[in-house]
Amino acid sequence: MKTSAEIRKDFLDFFASKGHTVVPSSPLVPGNDPTLLFTNAGMVQFKDVFLGAEKRSYKRAASSQRCVRAGGKHNDLDQVGYTARHHTFFEMLGNFSFGDYFKKDAIAYAWELLTGVWQLPKDKLLVTIYHTDDEAFDIWHRDIGLPADRIIRIGDNKGGPYASDNFWQMADTGPCGPCTEIFYDHGAHIAGGPPGSPDEDGDRFIEIWNNVFMQFDRQPDGSLLPLPAPCVDTGMGLERVSAVLQHVHSNYEIDLFQHLIKHAAALTATQDLDNKSLRVIADHVRACSFLIVDGVLPSNEGRGYVLRRIIRRAVRHFWKLNTLQADGQFWRMVQPLVEMMGGAYPELKSKQPFVEQALKAEEAAFSTTLDAGMTRLETALAASGGKLDGEQLFQLHDTYGCPPDLITDILREKDAALSEGATAQYESLMEQQRDRARAASKFAGSVGLPAELVASLHATEFLGYETLEKDGCRIVALVKDGKPVDAIAAGDEAVVILDRTPFYAESGGQVGDTGVLLDPGSDRFEVRDTVKLSAIFHGHVGKLVQGALKVGDKLSARVDGERRQATILNHSATHLLHAALRTVLGEHVTQKGSLVAPDRLRFDFSHFQPISHAELDRIEKMVNAEIRRNAEAEVHHMGMQEAIDFGAMALFGEKYGERVRVLKMGDFSTELCGGTHVHHTGDIGVFKILSEGGVAAGVRRIEATTGAGALAHFDTQTRRLEEAAELLGGRSDDVVEKLRQLLDRQKKLEREIESFKAKATAGATADLAATAIDIGGVKLVAARLEGLDAKSLRDAVDTLKGRLTDAVILLASADDGKASLVAGVQGSALGRVKAGELLSHVAAQIGGKGGGRPDMAQGGGQDGPALLAALDGVRDWVAQRLN
């Protein structure tokens, strides 16, 4: 029996033998693609290739792509653990053709691999095709020899033309085409009918491979135009095909999952290996671990919120098995995962300690509230007869951190449900926090151009590595109000696209260049930003201040050199900072985001605790040492794998092509980067950290500056030090000693003041005790004392309690229009008079509030005549309660 690892290798080796380039899995966070929450299919990393916006050196590719479907449009989270084939994380085996082979070869390759290499019985396989795709039918029937009764035509079964399970499209318009799906028959002993039949949802016939034939370009009016270079995009779930080849029915029975399930069972002392909680835990550790490997950390928004939900769902299932430990359990599942998948994905093994640390921290944070939340849920269900309303759902989420999907998961297990209208009520209550639950909304839209414009243009040639000025740059497109135009006039805001440019377009954290576009006449376009459009074009964003421009005109491009140079210094320093952080804090440090501007740099990175002053000092000194070393900033161009072997580090969130640019600064820093940089590290001049702090769970941020910015910072700090010295009556070199003397004197004066206050309070309380009013044997004191703060008032009440055995006391003081109130009750008055009620009664009369224990309460309000009147009324209020 083949292992999953062998099956993965078989697939890649087979297509390599057919001339395919084996491409590594891309990260779960799609590079520079804000339209997707996570990578959810093998074709995602080739999306720009299919759209014609990117060219590769190969026309055939194969990959084993890690995918997540747990948020946004593609969300299988609720089904995970309860069905045989739903997962949050899975591996998609795929082969791709970019204008090379098409249907005949794709079908032949699939059949050869399935029946030749893996020797699946031919009579166990059947296929579906789009109902009008006679070409695919003929290939299957005449070339492959599949009987006609095992080739099923699927029509437009979802309503409308081309709305079919067997017609794939990337979006409402653009590349699309029919597909053929290959199904495996598990046998008559399992319920279910073939695809297209009324009982097709059964488990007998399982889709194992989908071959998509992109041969049309769908127009806005719905018509289909043939693509000039038809493509192939296929996908086969590793887990599904492993189940078939390992002769089991459920994906959870394959070796990948059984190893994890057995480990989870051992951790939880669970004997039943079919327990659904074990399945959930085994599935979720895969998704969580790889998301963390690819730079996602738990948070309250976006991808981080999806990760948090998955972790909490897994922890809840540990809780369900009654096995939570003080230091957590879920993180212990990482080791068996590394044992099964570390060979195929070495990054999982190298980052194992960091993954474990991240899971442990999130588990600890959630476990403190989970037990209380579950108790609250049980109470609510018992009181409502098994129904949960929207307000209770909101409270469980808002107070106890239990997401709605987790609650509905539990309700299903308990045979309970949400009451009618509960969801709408919950959504209304969550209006101010809905961004947490609508992660996909943050990923809607991208900076792009109309497809027809992309197809007609060549990628912008970037000249900015060598020069900041270039003449003869031709306008190839103008965009105004989001639409292509032929010309613009003075005063128009627009985007100018040139055939070549020295302007750097914002990417990799580095801001876009500014400057001007000129012609020999009077035309002047002021560029306030430069952005990437459709991944390959440089868009010059700005305003035409004079003249007129049209497509085809030639311009002189002039970058603001001073601004670019300042940005360069900060960008190169960011690379040195990254390397220093990894040296001082550990290899778990990875970039989580950055901003490289002319005046400063901002660097976000993974780390779970504040950085000490000593560590910051060491980091800063290390970067400055590298600057003084003045190493050459070497630029190398090479293949991606060659770059990784060279020691280059890829940055989080960046998308890299087949050929990459590597920046190496001495032996200290080697990273993939397309930004602009110094020639020698010494050009940076000096590096100064301005601040360090946390921005999210497990993410820290350092802000710093270099060059002239750092010198300006030093000047400002020196000037402030001199001003402080002048105020202290000394020199800048003895400011610390002068300040220490001043603070010592202040403390001495504060002690003297406290002593005077204590004596004044003692005298005042003695007088108040002597003049206290007697009400039925209880002494009443209600008075205003001048010059006392809230603490002194409390001390005065305590002193009076020491002097009076049975007493009700209400003292007030005021400062700057604000009144402070303290009430105390002692002895036989307790039970009949409560200090909190007395204080609330008085505070309400002066526009304030307060409360506390029966024997002591504190509050405040506004000073004025009403305060004296309220104090005068205390006697009657107390008398009513004592009599």
Side-chain angles (χ1 to χ4, degrees), residues 37 70-73 75-83 86 88 275-277 279-281 283-284 287-288 298-324 328-330 361-442 697 851:
L37 191 64
K73 179 181 177 181
N75 187 355
D76 294 336
L77 185 60
D78 292 341
Q79 288 76 38
V80 172
Y82 296 92
T83 67
H86 278 101
T88 54
N275 189 296
K276 289 182 172 59
S277 289
R279 290 183 172 189
V280 171
I281 292 166
D283 172 273
H284 287 10
C288 295
S299 69
N300 285 334
E301 61 181 11
R303 298 178 176 109
Y305 181 61
V306 176
L307 172 59
R308 173 162 284 168
R309 289 169 59 201
I310 301 173
I311 294 174
R312 292 188 170 191
R313 190 170 188 262
V315 173
R316 207 277 297 181
H317 280 274
F318 271 112
W319 178 88
K320 183 181 175 185
L321 297 172
N322 297 313
T323 58
L324 287 180
Q329 287 279 64
F330 190 40
E362 181 64 18
E363 186 172 0
F366 183 46
S367 294
T368 58
T369 61
L370 179 59
D371 192 51
M374 294 302 100
T375 301
R376 179 78 182 203
L377 176 61
E378 294 287 354
T379 303
L381 291 176
S384 61
K387 293 285 186 179
L388 199 70
D389 63 30
E391 187 172 353
Q392 293 166 324
L393 183 63
F394 170 77
Q395 187 180 57
L396 286 167
H397 185 186
D398 191 55
T399 305
Y400 299 100
C402 301
D405 57 314
L406 187 149
I407 298 302
T408 55
D409 200 21
I410 298 169
L411 293 178
R412 176 172 50 186
E413 294 171 358
K414 294 181 176 295
D415 203 22
L418 294 174
S419 63
E420 185 176 353
T423 301
Q425 184 184 17
Y426 163 80
E427 292 290 0
S428 176
L429 292 169
M430 284 291 292
E431 186 173 356
Q432 300 302 316
Q433 299 159 297
R434 284 178 66 86
D435 57 314
R436 296 185 181 184
R438 295 189 302 182
S441 66
K442 281 190 166 289

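Note that this is a predicted model, so its numbers are computed, not measured.
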Atom of [X], atom of [Y] and distance for their closest heavy-atom approach:
| X | Y | answer |
| --- | --- | --- |
| Pro298 | Ile311 | CG-CD1, 3.8 Å |
| Ile310 | His284 | O-CD2, 3.4 Å |
| Phe330 | Phe318 | CA-CE1, 3.5 Å |

### Query
Can you check whether Asn275 reaches Leu321 side chain to side chain, under 4.5 Å on heavy atoms?
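Result yes, sub-4.5 Å side-chain heavy-atom pair found.
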
### Query
Would a 4.5 Å heavy-atom cut-off, applied to side chains only, mark Gln425 and Asp389 as touching?
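In contact.
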
### Message
Suppose we screen for side chain to side chain donor-acceptor pair (under 3.5 Å). Which residues come up paired with Glu362, at least two apart in sequence or across chains?
### Response
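In terms of side chain to side chain donor-acceptor pair (under 3.5 Å), with neighbours along the sequence ignored, Glu362 is linked to Arg308, Arg312.
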
### Query
Quick one: does Glu363's side chain have a donor or acceptor within less than 3.5 Å of a partner on Gly328's backbone?
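No; zero donor-acceptor contacts below 3.5 Å.
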
### Query
In Å, rounded to the nearest 0.5 Å, how long is the span from CZ of Arg316 to CD1 of Ile407?
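Separation between the atoms: 8.0 Å.
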
### Task
Any chance you could measure Cys288, atom SG, to Arg309, atom CZ, to the nearest 0.5 Å?
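Cys288 SG to Arg309 CZ: 11.5 Å, rounded to 0.5 Å.
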
### Message
Ala422: which residues meet the side chain to side chain contact (heavy atoms under 4.5 Å, CB included) condition with it, sequence neighbours left out?
### Response
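Applying side chain to side chain contact (heavy atoms under 4.5 Å, CB included) to Ala422 gives Leu418, Ser419.
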
